[in-house]
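Beneath this line is the structure, given in structure tokens, with notes to follow.
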There are 2 protein chains.
Amino acid sequence: MQDLLTIGELSVRSGVAPSALRYYERLGLIRADRTGGNQRRYARAELRRVAFIRISQQVGVSLDEIRAALDSLPEARTPSPQDWARLSASWRSRLDERIRLLTRLRDDLDGCIGCGCLSLQRCTLNNPGDTLAGEGPGARLVLPRPVDDPTPAGSPA
Amino acid sequence: MQDLLTIGELSVRSGVAPSALRYYERLGLIRADRTGGNQRRYARAELRRVAFIRISQQVGVSLDEIRAALDSLPEARTPSPQDWARLSASWRSRLDERIRLLTRLRDDLDGCIGCGCLSLQRCTLNNPGDTLAGEGPGARLVLPRPVDDPTPAGSPA
DNA sequence: CCTTGAGTTGAAGTCCACTTCAACTTACAC
DNA sequence: GTGTAAGTTGAAGTGGACTTCAACTCAAGG
């Protein structure tokens, strides 16, 4: 066991496919030394970078933003625990926000289930720049903003 | 104000772009009558379908699954509040699960920030079939399962 | 009538995060 | 020295959820 990992080893240890690791490298998220025969050899510290990438993805951050965050790490030295803590902390509010939104959606869903209304207005939905923010595809709001459903109260759906 | 909406009206009221509404129709998620001149006219009930689609997307359900869910609605009659309640309830556990995972990630992140470890193993991360389930792109696990990082305790990252 | 904004279509394009492929080279255990 | 698993590359493909485009047609107010 040396201090350098092959791509296969890093893949197994990180749970990330080799093709994804190469992709990350192309995007500048991780780096590798090369052997005389041009094969990648990863320093152990890269494991932490990959860990950070995966965590960040869970939080809902794009690879591009992750790259920006990683770029803020000191280049001269191996990042310290404090460095990593700072980066992780920077996602904290986004994570909180996502949890808050989903929780609110759940509560609203419960309310809607109670009354069976599923009305766009009272639900968390269609609250642009709030619920629609930051979630994956399909959550882009193109039009200015939704308008209340003027169905006369009591009409049959 | 009649009981049929143009695509533009439905778009404004639902907050979904016309192109997306046409796309939903192609996928069989919503339907529209046509005027003599071949323009779409939506029954008011379609607003609820669109609402359901958006809510479901928030929960993290794919359009394909949403279509399957919508297909389970009675065709003969306008869906009742109970029908919608049943569909919404079917997402409930997924929503709960997502909230649970994100919350756990937050807690772990706090822990990791405390110690600065960011180690793959103790964090929620790389807990295949658990954390990695159901979340957007980048969360596919290809390799069997990650292996513990055997960095000797006390080695400098 | 005529203009103009809204709507129609199919095909192609976009974005993100990867994966797959083919053709070839290295590393290493025996 | 050799067999084979593992690695290399660039280019192209995938999937999901849409958007954009060009070339038209429709609907409705003046």
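Quick caveat, the model's predicted, so the values are computed rather than measured. In the text below, chain A, chain B and the rest are named by the order of the sequence lines, each starting its count at 1.
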For nucleotides 5-8 of chain C, tabulate all protein N/O to nucleotide N/O atom pairs closer than 3.5 Å, reporting atom names and distance.
from, atom 1, to, atom 2, distance (Å)
C/dG7, OP1, B/T6, OG1, 3.1
C/dG7, OP1, B/G8, N, 2.8
C/dG7, O4', B/Q39, NE2, 3.4
C/dT8, OP1, B/R40, N, 2.6
C/dT8, OP1, B/R40, NH1, 2.9
C/dT8, OP2, B/R22, NE, 3.2
C/dT8, OP2, B/R22, NH2, 3.2
C/dT8, OP2, B/R40, NH1, 3.2
C/dT8, O5', B/R40, NH1, 3.4
C/dT8, O3', B/R34, NH1, 3.4

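Taking atom CD1 on A/I53 and atom P on C/dC18, their separation rounds to 9 Å, with Å as the unit. Note: OH (B/Y24) to C1' (D/dG16) measures 11 Å, nearest angstrom. A/L27 has its CG atom 14 Å from the P atom of C/dC15, to the nearest Å. Atoms CG (A/D64) and C1' (C/dC18) sit 15 Å apart, rounded to a whole Å. Here the P atom of nucleotide D/dA17 and the CD1 atom of B/I30 are 15 Å apart, to the nearest Å. Between the CD atom of A/E25 and the C1' atom of C/dC18 there is a distance of 15 Å, given to the nearest Å.
In terms of position along DNA chain D, the nucleotide closest to B/S62 lies nearer the 5' end than the nucleotide closest to the other residue of the pair B/G36 and B/S62.
Annotation: salt bridge (charged side-chain N to carboxylate O under 4.0 Å, His left out) contacts of B/R22 (sequence neighbours excluded): none. For A/D96, the side chain to side chain donor-acceptor pair (under 3.5 Å) partners at least two apart in sequence or on another chain are A/R92, B/R106.
Closest contact between the side chain of A/A20 and the listed nucleotides C/dC18, C/dT26, D/dT19 involves C/dC18.
Using cut-offs of 30° and 60° for the angle between ring planes, the B/W91 and B/F52 rings count as parallel.
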